[in-house]
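In the text below, chain A, chain B and the rest are named by the order of the sequence lines, each starting its count at 1.
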Number of protein chains: 2
Amino acid sequence: MTDCSTCVVRNRAICASLDAAELAALGKMGRKQKVRHGQTLLWEGDGAPVVANVLSGVLKLVVSTADGREQIVGIVFPSDFIGRPFGKESPYSVTAMTDAEVCIFNRNSFDDFAGKHPDLQQKLLRRTLDELDRARHWMMLLGRKSASEKVASFLLEMSERLSGQGCEAGALNNGFELPFGRQQIADILGLTIETTSRQFTRMREDGLVDLPSRREVVINDRAAMMAMAG
Amino acid sequence: MTDCSTCVVRNRAICASLDAAELAALGKMGRKQKVRHGQTLLWEGDGAPVVANVLSGVLKLVVSTADGREQIVGIVFPSDFIGRPFGKESPYSVTAMTDAEVCIFNRNSFDDFAGKHPDLQQKLLRRTLDELDRARHWMMLLGRKSASEKVASFLLEMSERLSGQGCEAGALNNGFELPFGRQQIADILGLTIETTSRQFTRMREDGLVDLPSRREVVINDRAAMMAMAG
DNA sequence: CGCCACTTTGAGACGTATCAAGGGGGGTGG
DNA sequence: CCACCCCCCTTGATACGTCTCAAAGTGGCG
C-alpha cells in the first residue's frame with residue numbers, strides 16, 4: 001500500500017482526478033518501485049502485466065528490428081503514464097534513461113479500477129490523445145526532415161518539455177541539461193551518432209548554441225533555431 | 001437528425017457502446033456529410049470545430065512543413081474516428097483520398113456527450129491507444145527502415161487492414177486494391193515517388209508481387225515479403 | 001483518337017551511413 | 001591528489017542509398 005496523498009505527482013498525474021477515498025483505494029493496488037539507469041521495465045512483445053506512473057526520472061519507449069536497429073518512439077517524464085491498458089502485450093520496451101522511481105499497478109486491476117472511474121479514464125484519454133499528437137508530429141520529423149532540421153526541432157522540444165517540470169521556471173528556458181547522451185538522441189531522431197554529433201558541432205560553430213558540457217545546451221538564437229527546425 | 005440505428009458502421013464505430021435511447025440523443029447532434037475525393041475536412045492548425053465517424057471511403061491525416069513537404073501520419077477507414085476531442089486546434093489536416101461519407105458532430109457537443117457516457121469514452125480510449133501503437137510502429141519504419149523495407153512493411157499492413165473490411169474475407173487476402181496512388185504511398189513512407197516506384201518495380205521483377213494494374217497488388221511470397229519488411 | 005495525369009525509367013548530385021581513428025572528461029584506484 | 005583508464009564523443013575519409021532533375025512511357029477518359 002502506498003500513501004498517494006503525499007505523492008510528488010499527486011496533482012499532475014492522472015490520479016489528480018480522484019478524491020481522497022478513491023485515492024486510498026488506488027493506493028492499495030499500487031506500489032512504489034525504483035528503477036535503475038539502464039534497467040528495462042517492460043519488454044517489447046512480452047505480456048505487459050503492469051502499468052505505472054512516473055514519479056521521478058526519465059524513461060524511453062523503444063521499438064527494435066530483428067537485426068538490432070532501435071528507434072525511440074517516446075520519452076516519459078515524471079507524472080507521465082507508462083504501459084498499455086486494455087492490451088495483451090507491450091508494443092515497445094520501456095527502459096530507464098536515468099535512475100527513476102515509478103508507481104506501479106497490476107494492469108488488470110488498473111483496467112478494472114479505470115472502468116469504474118470515468119474521470120480517471122478521461123484523464124487517461126486526454127493524455128493518450130496528447131501523446132498521439134506528439135507521435136504524429138514526430139512522424140513528420142522522421143519522414144521528411146533533414147538532419148539539421150531534426151536536431152533543431154529536438155532541442156526546441158526538449159527546452160520546452162524540460163522547462164515545464166522541476167526547474168526554476170521561466171528565465172532559464174534557454175539553458176538546460178539533456179537527460180540523454182548522443183547515441184540516444186540519434187535513436188530519437190532516426191540518425192546515427194556520428195551525424196548527430198556533427199550537427200551539434202556545426203550549430204556550436206555557427207553560434208546557434210553553446211555546449212558547456214556534453215549534456216548541457218544553451219540556445220543562443222531561438223529564432224534562428226526555429227527557422228532551422230523547418 | 002440522423003437515424004443511427006440503421007448506420008452501416010453501427011456495430012463497429014464507437015457508437016456501438018450506446019443503447020437505443022443514447023443513440024437517438026447522439027443522432028440528434030450529428031449529420032451525415034459527403035466528402036469528395038481530394039476535399040479537405042479539417043486544416044492543420046485551424047480551430048477544429050468538428051469530430052466525425054467515417055461511414056465510407058478513406059481519408060488521410062497530413063502534417064506539412066512550411067516549405068510544402070508532406071507526411072501522411074494516419075489513414076482512416078470506415079468506422080474509424082476523426083478529429084481531436086478536448087483539443088483547441090487540429091494538429092493535422094484531414095483530406096479524403098476517395099469519395100467518402102462521414103457522420104459529423106460539433107466538437108463541444110460531442111465532448112459534453114462523451115463526458116456523460118463513460119462507455120463511449122472508453123471505446124474512444126481503446127481506439128486512441130490502438131492508433132498510438134500504430135503510430136509508434138510507423139515511427140520505427142520512418143526512422144530506421146530502408147526503402148525496400150518500408151514498401152514491404154506497407155504492403156503487408158495494407159493487406160491486413162484492407163482485408164479486415166468489406167471484402168470476401170479470408171481467401172483473397174493476398175490480392176487487394178490500394179486506395180492510393182504512388183505519390184501518396186511515398187507520403188506515407190517518407191520517400192519520394194520515384195524511389196517508391198522503383199521499389200515496386202524491383203519487387204515485381206523479383207517475383208515477390210504481381211501488379212495487375214496501378215492500384216492492384218497481389219502478394220506472391222508472403223514469407224519473403226515479411227523477411228524483407230525487417 | 002488524343003489528351004492528361006500519373007507512373008516509370010535514367011543519369012547525376014547530395015546527404016547520411018559506415019568504417020576507422022583520435023580526443024576528451026569523469027570516475028576509480030593508487 | 002594525481003594518474004590512469006574507460007566510455008563516450010568527435011572528427012575524418014569513403015561508400016552507399018535516396019533525392020533531384022529530366023524525359024519517356026502508360027492507362028483512363030472524353
Side-chain angles (χ1 to χ4, degrees), chain A residues 36-38 60 65 67-71 97-99 140-155 177-206 209-217 228 230, chain B residues 36-38 60 65 67-71 97-99 140-155 177-206 209-217 228 230:
Chain A
R36 257 332 138 44
H37 173 253
K60 61 179 177 181
T65 54
D67 63 344
R69 284 169 285 175
E70 290 198 351
Q71 176 67 49
M97 304 178 88
T98 66
D99 286 347
M140 149 58 78
L141 177 145
L142 291 169
R144 292 299 188 201
K145 290 192 178 179
S146 68
S148 54
E149 291 173 318
K150 285 179 177 181
V151 172
S153 304
F154 168 79
L155 290 178
E177 182 174 346
L178 296 170
F180 353 85
R182 294 286 185 271
Q183 179 61 60
Q184 296 188 313
I185 297 174
D187 287 340
I188 291 169
L189 298 177
L191 297 170
T192 57
I193 183 174
E194 296 94 332
T195 299
T196 306
S197 177
R198 280 187 247 270
Q199 296 302 328
F200 271 86
T201 302
R202 171 166 309 192
M203 290 177 76
R204 179 170 50 71
E205 287 170 350
D206 294 351
V209 297
D210 290 335
L211 305 171
S213 76
R214 287 179 168 177
R215 297 196 165 204
E216 284 175 285
V217 178
M228 177 175 280
Chain B
R36 261 325 142 45
H37 172 252
K60 60 178 177 180
T65 55
D67 62 345
R69 284 169 285 176
E70 290 199 351
Q71 176 67 48
M97 303 179 87
T98 66
D99 286 347
M140 149 58 80
L141 177 144
L142 291 169
R144 292 299 187 201
K145 290 192 177 177
S146 69
S148 55
E149 291 173 319
K150 285 180 176 180
V151 173
S153 304
F154 168 79
L155 290 177
E177 181 175 347
L178 295 171
F180 354 84
R182 294 287 184 270
Q183 178 61 61
Q184 296 187 313
I185 298 174
D187 287 341
I188 292 169
L189 298 177
L191 297 171
T192 57
I193 184 174
E194 296 94 331
T195 300
T196 306
S197 176
R198 280 187 247 270
Q199 296 303 327
F200 270 87
T201 303
R202 171 165 308 192
M203 288 177 78
R204 179 171 50 70
E205 286 170 350
D206 294 350
V209 296
D210 290 337
L211 305 171
S213 77
R214 287 179 169 177
R215 297 196 165 203
E216 284 175 285
V217 178
M228 177 175 279

Check your understanding: Which sits closer to the 5' end of DNA chain C, A:Gly190 or B:Thr195, going by the nucleotide each is nearest to?
Key -> B:Thr195

Side-chain donor-acceptor pairs under 3.5 Å in residues 180-200 of chain A, sequence neighbours left out?
unit_1	atom_1	unit_2	atom_2	d
A:Arg182	NH1	A:Arg214	O	3.1
A:Arg182	NH2	A:Arg214	O	3.4
A:Gln183	NE2	A:Asp187	OD1	3.2
A:Asp187	OD1	B:Arg144	NH2	2.9
A:Thr192	OG1	A:Thr195	N	3.3
A:Thr192	OG1	A:Thr195	OG1	3.1
A:Thr196	OG1	A:Thr192	O	2.8

Nearest-Å distance for atom pair [atom1]/[atom2], residues [X] and [N]:
X: B:Phe200; N: D:dT26; atom1: CZ; atom2: C1'; result: 17 Å
X: A:Leu211; N: C:dG23; atom1: CG; atom2: C1'; result: 16 Å
X: B:Leu141; N: D:dT18; atom1: CG; atom2: P; result: 12 Å
X: A:Arg198; N: C:dA21; atom1: CZ; atom2: P; result: 16 Å
X: B:Leu189; N: D:dC19; atom1: CG; atom2: P; result: 10 Å
X: A:Gln71; N: C:dA17; atom1: CD; atom2: P; result: 11 Å
X: A:Leu191; N: C:dG15; atom1: CG; atom2: C1'; result: 11 Å

Review point. With a 4.5 Å heavy-atom cut-off, do B:Leu211 and B:Glu216 have their side chains touching?
Key: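 They are not in side-chain contact.
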
Review point. Are any non-hydrogen side-chain atoms of B:Gln71 and B:Leu142 less than 4.5 angstrom apart?
Key: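 They are in side-chain contact.
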
Exercise for review: Measure across B:Ser148 and B:Met228 and return the closest heavy-atom pair with its distance rounded to 0.1 Å.
Suggested key: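 Where B:Ser148 meets B:Met228 most closely, the heavy atoms are O-CG, 3.9 Å.
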
**Study point:** Partner residues of A:Glu70 under the salt bridge (Lys or Arg N to Asp or Glu O under 4.0 Å) criterion, sequence neighbours left out
**Key:**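 Partners of A:Glu70 by the salt bridge (Lys or Arg N to Asp or Glu O under 4.0 Å) criterion come out as none, since no residue qualifies.
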
Quick test: give all pairs of protein nitrogen or oxygen and nucleotides 3-7 of chain C nitrogen or oxygen below 3.5 Å, distance rounded to 0.1 Å.
unit_1	atom_1	unit_2	atom_2	d
C:dC6	O2	B:Arg214	NH2	3.0
C:dT7	OP1	B:Arg182	N	2.9
C:dT7	OP2	B:Arg182	N	3.4

Exercise for review: Just compare D:dT18, D:dT20, C:dT18 and give me whichever is closest to any side-chain atom of B:Thr192.
Suggested key: D:dT20

Study note, to complete from the structure: Taking C:dT16, C:dA11, D:dG12 as options, the one with an atom nearest any side-chain atom of A:Glu194 is D:dG12

Review point. Is A:Thr201 touching bases, backbone alone, or none of the nucleic acid, heavy atoms closer than 4.0 Å?
Key: sugar-phosphate

Check your understanding: Got a donor-acceptor pair under 3.5 Å from the side chain of A:Arg202 to the base of D:dT10?
Key ->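 Looking at the base of D:dT10, it does not pair with any donor or acceptor on the side chain of A:Arg202 (distance under 3.5 Å).
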
Nearest 0.5 angstrom please: [X] [atom1] to [Y] [atom2], how far?
X: B:Leu141; Y: B:Glu149; atom1: CG; atom2: CD; answer: 8.5 Å
X: A:Met203; Y: A:Leu155; atom1: CE; atom2: CG; answer: 5.0 Å
X: B:Leu178; Y: B:Arg215; atom1: CG; atom2: CZ; answer: 8.0 Å

Check your understanding: With no hydrogens and no angle check, do the side chains of A:Lys145 and A:Ser153 hold a donor and an acceptor under 3.5 Å apart?
Key -> yes

Practice item. Please list, by residue number, the residues of residues 143-152 of chain B whose heavy atoms come closer than 4.0 Å to an atom of DNA chain D; answer none if no residue qualifies. Key: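 Output list: B:Ser146, B:Ala147.
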
Show each protein N/O and nucleotides 26-28 of chain C N/O combination with a separation under 3.5 Å, one pair to a line.
none

Exercise for review: Would you work out how much the helix from C:dC1-D:dG30 to C:dG30-D:dC1 bends between its ends, with each end axis defined by five base pairs, to 10 degrees?
Suggested key: 30°

Check your understanding: Thinking salt bridges, do A:Asp206 and A:Arg204 make one under a 4.0 Å N-O criterion?
Key ->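 Answer for the salt bridge query: no.
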
